[in-house]
Structure formats: structure tokens, C-alpha cells
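Written out below as C-alpha cells is the structure these notes cover.
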Number of protein chains: 2
Amino acid sequence: MITLQDIARLAGVSHSTVSRALAGSPLINPDTRQRIQLLAHEAGYQVNQVARNLKVRSTCTIGLVVPEVLNPYYPKVVQLVADLAREAGYNLQLQLSGADQKAEATCIASLREQRVDGILLVTAEHGLVARDQVEALLASGVPIVLMGWVEDAEHIDMVMGDDSKGGSELARHLIGIGHSRIAILGKTAHRGVYDRLFGFRAALEEAGIVLSEDLQIEATSDIEVKRGVTRLLALPAPPTAIFAYQDSLAALVIKHLTDACLAVPQEMTVVGFDDLDLAAYLCPHLTTVGGHIESHAFRFVSLLIERIRKASSDTGPQHIVITPRLVVRGSCGPPRKEETIGNRRYHPNGYTQCAPTHTD
Amino acid sequence: MITLQDIARLAGVSHSTVSRALAGSPLINPDTRQRIQLLAHEAGYQVNQVARNLKVRSTCTIGLVVPEVLNPYYPKVVQLVADLAREAGYNLQLQLSGADQKAEATCIASLREQRVDGILLVTAEHGLVARDQVEALLASGVPIVLMGWVEDAEHIDMVMGDDSKGGSELARHLIGIGHSRIAILGKTAHRGVYDRLFGFRAALEEAGIVLSEDLQIEATSDIEVKRGVTRLLALPAPPTAIFAYQDSLAALVIKHLTDACLAVPQEMTVVGFDDLDLAAYLCPHLTTVGGHIESHAFRFVSLLIERIRKASSDTGPQHIVITPRLVVRGSCGPPRKEETIGNRRYHPNGYTQCAPTHTD
DNA sequence: CAGGCTTTTGCACACGATTGCAAAGAGTAT
DNA sequence: ATACTCTTTGCAATCGTGTGCAAAAGCCTG
């Protein structure tokens, strides 16, 4: 690799002169500056950012920690963050925490070792675990912004959705069209009063609807969702609506319902949460709550960059709350007549009466 | 930020001793080593990788360039690569080239400046444009591996699918169940003899089927797909099958067909390419060609790491070809009776007879 | 106790860039 | 010719680590 020294020798000047010339410093004679720039270009010189970063004590890199990238919610965030970061002149170091508590800590530690200028942390479903790491980060003055609610983190910058509100809107919509036996399905999360489940449950209670244990399914993988759906359908009194509290799970729910020959929404209403692009691909199109991912990402990045730029700014921690909106599409309708399920079409012991459409 | 020096002062030794102690060097007295390690841990010391990288002339980072991350094909690659890289002890620097020729060059240049140990480049649809950058990279000895076929790049390491074979299998399947008026839809690509389109077309020709201009639609965005589908349906002799040569596009095709009240596969067969998870969510489940993304990613990363480890290995450039397989699911069936479209149900002037299922 | 060997530590330089400061060179007024 | 200013360049220190080599310290043997 070719260095400043090499160019200096080529040009017959000192390396400091080359450095200044390439940086466009006005201290250098315009003629020599041009000559050096040309020379460097011809020689294919590329600055060694590692050395530069060491000297200037900044890497122009932000670290992005995301649980995974298969759930289509996260790629959307990654794409937006990447675009915004690039626009602002920052590189992106991506870390996938795998929703694992231990791994999250490792990710943050690694980013810290790399001396990234700031960290964007998208919290996994279960909330932030790597608290020690985050505190250490704050103590050493590295800006960090969280996306998603985390308990007991009032002193940390945060961008979150008022999912509670979205959840209750969704519930009220379902109640409004006549549902009262509603199941919920997803991975349990404890994100306090800002959680989508919190709002959903609250709205149900408000309407005097009790949510029995039977109707609460924990599931994250394809197979778990399948089991969950099967269990729901096998109940003496199956639900008339299912709230899968992530669009990606709702997609799976619809898939398994269809495989079981239940018509959505005629025989079962399904709603999701997030308003991914996916929601519009689905058949039927999914009723969901839009999280305004774009605004989330925008505030997320701008807040961090603002913190990086003037690290001394002692405006207290910011908590930015973004209100989502209900998006009503075709996947929900009035509850079916009581006898439809179980007697006429559904066979809990196997999908035999009406073969599923896939063959693999 | 706390440095080796600081720890050295704390421990009353020189910074070299601390460096060695933390690295677990056998040169250091076990007692002092432990004492120093404890001290460093307590003080919250974290090595400055920037300085370390400069000294050891390696960053333990690989750069991953991907066009975007919204098309669900790429996140899958990103996830796999990230996991494999982490396992091998490498960090990941993600760059989104945006399928833009200029941007791709910038990405590579940036990665080079950062002195990543190697680069994984997933070529955009149109093939590699930043040839200069890649050549420069090779010249300076930085390993690079391409994913996806690129013309005139025989001297570069490459992992690709034998998409041609997959394409022809797909075509033969369609022909086998009776289709002869088949449309193709996607973004034009010129990836030579390894392209899925190449194989598809070849198989058609072999069967004596001509692919008229009308039946070739160029489309990448939702709206373009919609227009394309509309145009196909409005033809005097509409196709009986559509080959959307990316699953993500096939998803859109199905969506717009459904909105237009055409039943898949009864009235229109749709097939895709890639076998994304998405393909199984769709209704009906999508017949497609599986690209074995996992094996792609695995070979992709291992080849690069192998190159990094023994940079001197002068085994010539490797071209790894992975054969995809046909995955038959519910989205294809025999061609419909001729009069079905246009007369009975389809209304090219608006989706009025049968309202689409979404309301936004 | 001298001399040799082994273990343990420190000195000093290198990695490749940035930058304050001094110095050299050029031009000008006194 | 001197002194002074202004422009242009080079010297040298610095960022935080890693590491070859020398030196110190400890141990053993004769």
C-alpha cells in the first residue's frame, strides 16, 4: 500500500506538505498543491483511514446494532439508517445481536473498541439487557441512541413509537366490528407502558372483554405459529380474530389458516402490527398499525449525529415518541357465525379435507 | 478513554508489559499477568482497535457490498454473511451500493481506505460496473470475491448460481404442464450465459416456442409491475403463465392479479426465482427456483477468508458454481380455457367488478 | 563467587497520518 | 544593506499499540 511518504518522495517534498496539499490546505502553494494532487491520483494513493482515525480521534463511523435482518422490519431500518448515515458522511458498522443478551453486549463492546463515533441500538423484543455496556458507553462519552422502549432508561436518548396507542386503536377497531373473542399471538415482551400489547389489553379491558389464558399464544418461529394456530382452532370456543403483534407473524398466521382451509377474513380476522411492505403483498392485504419507520429512522439518525457533532451539548436526554396510525385493509371483517368452525370445515386432526396449496 | 499507559501507571510497569499481559504472552510472569488483567478489567480498559489495526496492519473486518436491503433476497445474504463472519472472528462493514454504478465505486473505495481485510461484493442486477476499483483492489492485493455472474471477470474469485439451469428447468416445467404463451417480467439483466433468463429462453426455443415482444415486460417497482400486469391482461391473446424472475416481483404480480380478480393458478400461472422465505408466505405458495442462498453465502465467506489467511496462495481464481433446484408449489397449474379472461371476469378499464381487498 | 542460563521487564521504534511551530525564502519599505 | 512581513515548506511530536532486542534479575552449577 502506497503512503504519504511515497508520494512525498515522488514529489520531492516532505510528507507534511503532501498531507496538506491533499487536504486542500491554503498553506500550500496552489501550483505545488495541484502537482501533488495529480501525482497522488496517478499513483493511486488512498488515504489510510486507520492511521488518520488514530490521529484525529474520530472514525466517522456509526455502529448500528440490530437483532437480526430476516424479520423484514429490521432491513427497512437498516436501509434507511444506511442512507441517512451515508448522506451525513458516516460509515456504517453493522452488528447483528441475534436477540441474545450476551451477544448484544459483545456487539457494543466491539463497536466501542473500534471507536465508532456513536451507536444506534435497536432493542430486541425483550428490552435492553446490555445495560452495563450502555452505561459504560455513556460514562466514556460515546453517544448512543436507543430505538424502542426500554425500562429504567430515562437518562438515555431514545426514539420510540407510541405502540400502546396503536395497540388500543387496533383493539377498538376489532371491537367496533363486533369481535369479542380475540386471540393474541407473538413473542412475549416486557416493554412497559409503551408496548403494543399493553395498549391492546387496556382497550379490551376498557370494553369489558376478558382475555383468557387459552387465547394468548407465544410463538416466534414458523413451526410455533403453526402449533399456536392449531391450538386456537381446536378450542371449544375458538377466537373470531387473531392479533399477531408483528406483521411477519401475521403473515405466518394467515399462511397456516389458509393451509387449514379457513377463509380470511370471512372465517377469521387477522391483524398485525408494523405495516411492513409485506402487509400489502399478503392475501388478503393485512390490517395493521403503521409505525412510521421512516420518521423513526430519521429522528434516530439525526439525534445521534447531533450528539456526535456537539458532544458537549448538555440538553438532557431526549425521548422522541412517534405516534403510529391504524391502516385498515382486507384482512378483517365481522366475526363469523358460530357454527362455521369445527363442524363444517375445520378438522383439527389433519389438513385432509382440503389439501394445502404447497407441495414441498 | 483509558489507554495502556494508564494501566501501566496504575500497575507500576511499562506499557509493553501491560500489552503483553493482556495479550496473554508467556513472556510475562503469571502473577503480574493476572494482576494486570484484573486491574485493566476493573478500570474498564478496552483496547483501541484503531491503534492496534494500524500497528498490526489488519483490521479483522470484511466489507460487504450489497445493492440494497429492501429486496428480501439481500437481507438473507447479509444475515448469513454476518453470522459466518462473526464466527470467524471478523467484523462486518456494510455498504449499500444502491445498484448505482457510481455509488458502487465509492463503496469499494471507502472500504479500501478503511483497510478492510477483504471485500465481498454482491453484484447488482446489471453486472459489475466498478471494474476500475476492483482491478485496483486486486493490484494492491486486497482479496475480493464476487457473488453473481460478471462478464469478463475470469481472473476474479466468484461464487454464482447456475441460474441458467434453473431457468430452463422452470421453463420445461411450464411447458410440461401445457403452457405455451408465457410472459416474462423483471428488470433486464445482462449476465451472460449464466443468467436465469438465458436458460429460460433457451428452453422455450428448444420447445419451439417463440417469445413475442409483447410478452416481455420490464418492471422493478410496484407501480411498474402493476402497469405490466395490466398490459399483459389487455393483450388480444394474454399469456397463460407469467415468469417473474425474482420472487419479490412474483409477489407483486400475484398481488395485482388478485386485485384484478384473477385466480392463481386457475386463471394464471405465476412462477418466480430465488425461493425466498416470502415464497412460502404467498397465497398461493409460489413455485420458484431455489438458489441455495445458504451454500452461496457459505462458499462466499469461506473463499474470502481463505484468501485473507494465506494471501500468497496462488491457486488461480476460483469460480464456484452452485446448481439451484426447482421448487414446485401451488402457484402453477395447467393453462386456463381460452375464453376465461377478458370476456367473463377481467375488466381492463378498472377493477370495478370485484373490489380489491385493500382499502388504503 | 564467577559465569552461564533462564525468566522477566523496559527501551525504543514502527505503523501512517495530522498539525503547531520554526525556519527558509521571497518581496518590500526604510 | 537591514529589517520586516508574508508565503511556503519542513521538523518533530503525537495518536495507542505491538514487538525485537537489550538489559536486569533471579537461579543454578561448579
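Keep in mind it's a predicted model, so treat the numbers as computed, not measured. As a basis for the values below, the full set of heavy atoms in this structure was taken, side chains included, without hydrogen atoms, waters or symmetry mates. Per chain, numbering begins at 1; letters A, B, ... match sequence-line order.
When distances are taken from the side chain of B:L27 to each of C:dT8, D:dT8, D:dT17, the shortest belongs to C:dT8. For B:L54, taking side-chain heavy atoms from C-beta onward, the closest of the listed nucleotides D:dC11, D:dG16, C:dG10 is D:dG16. Here the side chain of A:Y45 is nearest to one of D:dT8, C:dG16, C:dA17, namely C:dA17. Taking only side-chain atoms of B:R52, from C-beta outward, the nucleotide of D:dT17, C:dC11, C:dA17 with the closest atom is D:dT17. Among the nucleotides D:dT17, D:dT9, D:dA13, the one closest to any side-chain atom of A:N29 is D:dT9. Nearest to the side chain of A:S16, among C:dT8, D:dG10, D:dG18, sits D:dG10. With C:dG16, C:dT9, D:dC11 as the choices, the nucleotide that has an atom nearest any side-chain atom of A:A51 turns out to be C:dG16. Comparing D:dT9, C:dG10, D:dG16 against the side chain of B:R20 picks out C:dG10 as the nearest.
Counting heavy atoms from C-beta outward, B:T32 and B:V13 have side chains that stay 4.5 Å or more apart. Counting only heavy atoms from C-beta outward, the side chains of B:S140 and B:R112 approach each other to under 4.5 Å. No side-chain heavy atom of A:R33 sits under 4.5 Å from any side-chain heavy atom of A:L22.
Using a 4.0 Å heavy-atom cutoff across all strands shown, B:S19 reaches at least one base atom of the nucleic acid. A:V47 comes within 4.0 angstrom of sugar-phosphate atoms only, judged by non-hydrogen atoms across all strands, and of no base.
Atom CD in A:Q46 sits roughly 15 Å away from atom C1' in C:dA17 (whole-Å rounding). A straight line from CG of B:L4 to P of C:dC15 spans 19 Å, rounded to a whole angstrom. Per the geometry, CD belonging to A:Q49 stands 10 Å off C1' belonging to C:dA17, to the nearest Å. A:K55 has its NZ atom 16 Å from the C1' atom of C:dA14, to the nearest Å. As rounded to whole Å, 10 Å separates atom C1' of D:dG16 from atom CG of B:D6. What separates CD of A:Q5 from C1' of D:dA12 is a distance of 13 Å, to the nearest Å. One can place CG of B:L22 at 8 Å from P of D:dG18, the figure rounded to the nearest angstrom. Rounded to whole Å, the distance from CG on A:N53 to C1' on D:dC15 is 11 Å.
Between A:R57 and the phosphate of D:dG16, there is a side-chain N or O to OP1/OP2 separation shorter than 4.0 Å.
Of the two residues near DNA chain C, B:G12 and B:V56, the one whose nearest nucleotide lies more 5' is B:G12. For B:T17 and A:V13, each mapped to the nucleotide of DNA chain D holding its nearest heavy atom, the one lying further toward the 5' end belongs to A:V13.
Among the candidates A:N91, A:T59, A:T61, A:N53, the single residue satisfying the side-chain hydrogen bond (donor to acceptor under 3.5 Å, both in side chains) test with B:Q114 is A:N91. The side-chain contact (heavy atoms from CB on, under 4.5 Å) test with A:I144 singles out one residue from A:L304, A:V65, A:L138, A:D157, and that residue is A:L138.
Below the 3.5 angstrom threshold, one finds no donor paired with an acceptor across the side chain of A:H15 and the base of D:dT9.
Using a distance-only test at 3.5 Å, with no hydrogens or angles considered, no donor-acceptor pair links the side chain of B:E113 to the main chain of A:V47.
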